[in-house]
Amino acid sequence: MARRYWLFKSEPSSFSVDDLLGAPGRTTCWEGVRNYQARNLLRDNVKKGDGVFFYHSGARPSGVAGICVVTRSGYPDDSAQDPNSGYHDPRATGGNPIWYMVDIRLARKFTNVVPLSLIRNTPGLENMVLCRKGNRLSIQPVAPSEWRLIQRLAGTLR
DNA sequence: GCCAACGTTGGC
DNA sequence: GCCAACGTTGGC
């Protein structure tokens with residue numbers, strides 16, 4: 001299977017690209033996804049070696065803040081089984097973990113966030129899942145052409 | 001802070 | 001299985 005591309009959303013007030021920059025090995029587990037559609041992607045489709053856009057939501061501005069690489073494919077999100085975690089789900093067990101996560105490593109933090117407003121106005125990006133009305137999916141597929149275009153945009157913002 | 005859009009829950 | 005109520009997301 002060829003390398004695939006994704007976009008992961010995070011509110012920077014909760015976990016930002018700078019938090020990942022400061023993490024050991026610039027690596028983190030992407031815990032806490034509690035939506036079944038996003039869960040299915042993490043469990044079944046996001047694979048080691050895939051590319052990830054780190055997206056800041058609820059930010060000023062919201063937009064793509066950097067590029068990551070998946071370093072571990074989907075595995076059970078054990079925060080669901082931790083009563084002390086904010087992500088605890090009492091239904092999750094070892095035999096039925098329900099929720100899944102992957103590990104990602106920050107490859108590059110963009111000098112400037114590529115803002116959503118620019119993405120919306122850039123030909124070739126208007127059909128991104130990100131731009132679709134009402135979209136709330138926190139794990140999204142990104143087309144190879146979109147992957148290249150956004151990196152080119154990031155270069156123009158330097 | 002507002003509010004539209006969406007996902008989930010739970011009564012029936 | 002339907003659907004109203006509710007909670008959450010996320011842009012603005």
Interatomic distance, CG@Asn40(A) vs OH@Tyr100(A), rounded to 0.5 Å, equals 10.5 Å
- Rounded to the nearest 0.5 Å, what separation is found between the CG atom of Leu157(A) and the OG1 atom of Thr111(A)?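 Rounded to the nearest 0.5 Å, the CG-OG1 separation comes out at 9.0 Å.
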Given [N], is OP1 or OP2 found less than 4.0 Å from the side-chain N or O atoms of [X]?
| X | N | answer |
| --- | --- | --- |
| Lys9(A) | dG10(C) | yes |
| Lys133(A) | dA5(B) | yes |
| Tyr55(A) | dG11(C) | yes |

What is the distance, rounded to the nearest whole Å, between atom [atom1] of [X] and atom [atom2] of [N]?
| X | N | atom1 | atom2 | answer |
| --- | --- | --- | --- | --- |
| Arg136(A) | dG7(C) | CZ | P | 14 Å |
| His56(A) | dG11(C) | NE2 | P | 12 Å |
| Ile139(A) | dC6(B) | CD1 | C1' | 17 Å |
| Asn40(A) | dG7(B) | CG | C1' | 14 Å |
| Asn35(A) | dT9(C) | CG | P | 10 Å |
| Arg34(A) | dT9(B) | CZ | P | 13 Å |
| Gln140(A) | dG10(C) | CD | P | 9 Å |
| Leu118(A) | dC12(C) | CG | P | 13 Å |

Ranking dA5(B), dG11(C), dT8(B) by distance to the side chain of Tyr36(A), first place goes to dT8(B)
Requested in this report: Give Arg120(A) one of three labels, base, sugar-phosphate or nothing, depending on what nucleic acid heavy atoms sit under 4.0 Å from its own.
Outcome: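 Touches sugar-phosphate only.
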Relative to each other, are the rings of Phe15(A) and Trp30(A) parallel, tilted or perpendicular (30° and 60° limits)?
perpendicular
Original post:
Are the charged groups of Asp77(A) and Arg34(A) less than 4.0 angstrom apart, N to O?
Top reply: yes
